[in-house]
K.L.:
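Structure incoming, see below.
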Amino acid sequence: MALLQVNSLSVYYNGIQVLWDASFTVEKGSITALVGSNSSGKSTTMNTVVGLLKPASGSIIFQEEEITGLGVYQRVERGICLVPEGRRIFPHLTVKENLEIGSYVQRCRRDMHYSLEWVYDLFPRLKERNKQAAGTLSGGEQQMLAIGRGLMSKPTLLMLDEPSIGLAPVIVNLLFELIVGINNKGVTILIVEQNLQKTLQIAQKVYVLETGKIVAEGRGEELLDCEDIKKAYLGM
Amino acid sequence: MHMNYIKTAVIAVLLLVLFLIPQIATTYTTSVALNILMWIGMATSWLILAGFTGYISLGHGAFLGIGAYFVASYWQILPLPILILLSGIVCVFVAAIVGYPVLRVKGPYFVILTLGLSEFVKYSLIYYEVNIRGTVGRILLKTPSIEDLYYWILVICLLSIATAYLIKRSRFGLALMSVKDDEEVAEALGVNAALVKWKAFAISAFFPGMIGAVMAMRWTYIDPYTVFNPMMSFQVTIMAFLGGIAYLHGPIIGATMLTLLSQYLWARYPNFYMFALGVILIFVVMFLPQGLAGLISNMKLPVLLNKYKVENKSLTKEK
């Protein structure tokens, strides 16, 4: 069953069209990836799904309900969550306050303490540092915090925008294991990544974007085997 | 634990002194204390929007002017407590109406816009006073004694501190502070940024409205040029920055110090105050970005307190 269905989405950013007639679906329980070179429209797609950008045309259907016209907070209330590119934690708030903001929406408030325990279980480092200002964490810890903050909203669909960017290789391996682990807990994942090798290994479905258009799609392993697509679009 | 007791004791003594001032001190001291409390109330209520969300308003003084004019318009028509309360409520409504479009503007544009709006209110009122009413100012007769006014300001001031304190500790306060750090991400996490900013703006306008009402009775003569003087807003901002806008006690420290300084300078070297204000602003921005409260918490105090704690622990262990 499709959890998220995006139909012919066109988006303008500062007057320039950056997404052209993009359609894709994210199956419930899957890991779906958007790949492609820089400025191919991957982040734009995610920002539009969460509602930070408004599409010029097209529709977004989540859990069989049209959400195209809803505000961001209404989408978070329905279970969509974006972990933005570049971590973007709140540097002056403590680690714990960052996480608490994650369960700000009505649906998550009552269960905040359970969510907090879950996130602390996943990332014991965050528990150790819970009273520290988030800006003082290392890059890897900040990414963990950004993901943990996203999980605090108990998402049905977790969107990760370039989670491995700027992280040491050892941490990257950990991160991908973690993403699979979160997915195994039943959270559907839509991921944008530069690290193609790893992404294609974990993703069941992959869409390839090129200058704002979806040019290819397939199962992760299929694309890994398809030399033409790898050469033409993925630079592999 | 020990620290908390000391803190509570200090606050209790302070409150007692504040409460007793009109009974035991001279009229002059009472009037200085009244001024200090008024500025603390202004700066602390300013903090609810500007300090928590980072939306620096240079229009906070306009609410004081609106409160003052509201009182002047209904003077001796409505009973005093209702008059003061209504002055605050009127300002909440004005802020709610103005705030929704204004708060969509970000960064330096917001700062300029608030300044422009408060000037707009001032000149509209001047036009109304001169051309329609045919007056330049208003006189309030039979105003309450300075002691009575002192207690009104004390209550309003404490109320604004309590409100800021409760907001800072609440989920609402956390949402405001997340907006300050990164508004876009706060929204992506489900914070309705437009709504929380709007609420903060409306709440912060309540207190200057009531303060304006009381101060109009204190001044007994008001005209638009004095009660809508943009210097009011500038002073509030400078006081808060001097004390440190990341701390709840920042505006309290800043307002106390600057008011005392102005009392001292006006008495001895008139006109020097404005000069001093400028120098202080430059100094704070360049060398004390976290204000005096930041200086205190970064330097000596925590070290001393930790020392105290460690000694205390080792003592109990030996026993």
Side-chain angles (χ1 to χ4, degrees), chain A residues 43 46-53 70-94 96-110 112 115 133-135 142 145-155 158-161, chain B residues 3 47 49-56 100 103-104 106-107 165-200 240-241 244-248 250 289-291 293-294 297-298 302 305-306 309:
Chain A
S43 294
M46 284 192 163
N47 287 336
T48 312
V49 170
V50 82
L52 287 170
L53 292 172
L70 296 185
V72 184
Y73 62 98
Q74 291 163 311
R75 300 183 197 208
V76 180
E77 198 74 75
R78 280 167 171 72
I80 298 181
C81 180
L82 170 70
V83 176
E85 186 181 351
R87 329 192 227 290
R88 309 257 305 252
I89 44 109
F90 301 115
H92 297 102
L93 301 185
T94 65
K96 188 163 178 244
E97 285 170 337
N98 266 272
L99 294 173
E100 283 172 359
I101 282 286
S103 20
Y104 182 78
V105 292
Q106 209 71 46
R107 171 176 55 86
C108 311
R109 287 183 187 182
R110 193 183 299 176
M112 191 180 82
S115 309
Q142 288 189 10
L145 178 57
I147 294 175
R149 188 178 60 181
L151 292 175
M152 290 295 289
S153 74
K154 298 196 293 176
L158 182 67
M159 298 194 288
L160 302 167
D161 195 351
Chain B
M3 262 327 281
L47 197 75
L49 178 76
F52 294 171
T53 69
Y55 277 69
I56 305 293
Y100 207 73
L103 285 162
R104 290 177 180 267
K106 286 174 189 159
Y165 176 77
L166 290 176
I167 288 177
K168 189 163 186 177
R169 290 183 46 140
S170 70
R171 190 191 298 275
F172 172 53
L174 199 56
L176 294 176
M177 288 184 278
S178 74
V179 166
K180 181 180 185 176
D181 259 10
D182 192 331
E183 185 164 348
E184 195 181 35
V185 173
E187 273 194 77
L189 293 168
V191 175
N192 188 345
L195 183 71
V196 295
K197 284 186 292 183
W198 187 57
K199 280 186 192 167
F241 271 98
I245 65 167
Y247 305 87
L248 216 52
Q290 291 188 301
S297 78
N298 283 343
L305 295 182
N306 281 338
K309 268 183 199 159

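For the numbers below, each heavy atom of this structure counts, side chains included, while hydrogens, waters and symmetry mates do not. Throughout, a chain's letter reflects where its sequence line sits, starting with A, and its residues are numbered from 1.
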K.L.:
Sequence neighbours left out, what passes side chain to side chain donor-acceptor pair (under 3.5 Å) with B/K180? Give chain and number order.
P.N.:
none
K.L.:
Measure distances from B/A186 to the heavy atoms of chain A and classify the residue's part below 4.5 Å as side chain, backbone, both or neither.
P.N.:
both
K.L.:
Count the heavy atoms belonging to other residues, nucleotides or ligands that lie under 6.0 Å from NZ of A/K96, then report whether that count exceeds 12.
P.N.:
no
K.L.:
Which answer fits A/P91, side chain, backbone, both or neither, if we ask what part of it has an atom under 4.5 Å from a heavy atom of chain B?
P.N.:
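It is both, since atoms from each part get that close.
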K.L.:
Just so I understand: if I count every heavy-atom pair under 4.5 Å between each of A/V50, A/L93, A/N98 and chain B, which residue has the most?
P.N.:
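Winner by heavy-atom pair count: A/L93.
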K.L.:
Give, for atom CD of A/E97 and atom CZ of B/R171, the distance between the pair rounded to the nearest 0.5 Å.
P.N.:
12.5 Å
K.L.:
Tell me the closest heavy-atom pair linking B/S178 and A/F90, and the distance in Å.
P.N.:
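Taking every non-hydrogen atom into account, O-CE2, 3.3 Å.
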K.L.:
Can you list the residues of residues 75-83 of chain A that sit under 4.5 Å from chain B, counting heavy atoms only?
P.N.:
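Answer by number: A/V76.
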K.L.:
Of all the heavy-atom pairs spanning B/E187 and A/V72, show the shortest one and how long it is.
P.N.:
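Here B/E187 and A/V72 meet closest at O-CG1, 3.0 Å.
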K.L.:
Can you name the ring pair (Phe, Tyr, Trp, His ring centres under 6.0 Å) partners of B/F241, sequence neighbours left out?
P.N.:
none
K.L.:
Could you measure the distance from the CG atom of B/L189 to the CZ atom of A/R149? Nearest 0.5 Å is fine.
P.N.:
5.0 Å
K.L.:
Please answer whether the main-chain N or O of A/H92 pairs with a side-chain N or O of B/D181 as donor and acceptor at a distance below 3.5 Å.
P.N.:
yes
K.L.:
Can you see which heavy atom on A/Y73 is nearest to which on B/G190, and at what distance?
P.N.:
CB-O, 3.2 Å
K.L.:
Taking atom CZ as the centre, does A/R107 end up with more than 12 heavy-atom neighbours from other residues, nucleotides or ligands that are less than 6.0 angstrom away?
P.N.:
yes
K.L.:
Who pairs with B/A240 by side chain to side chain contact (heavy atoms under 4.5 Å, CB included), at least two apart in sequence or on another chain?
P.N.:
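Here the qualifying residues are B/W46, B/I245.
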K.L.:
For A/L52, is it the side chain, the backbone, both or neither that has a heavy atom under 4.5 Å from a heavy atom of chain B?
P.N.:
side chain
K.L.:
Does any heavy atom of chain A fall under 4.5 Å from the side chain of B/V196, the backbone, both, or neither of them?
P.N.:
side chain
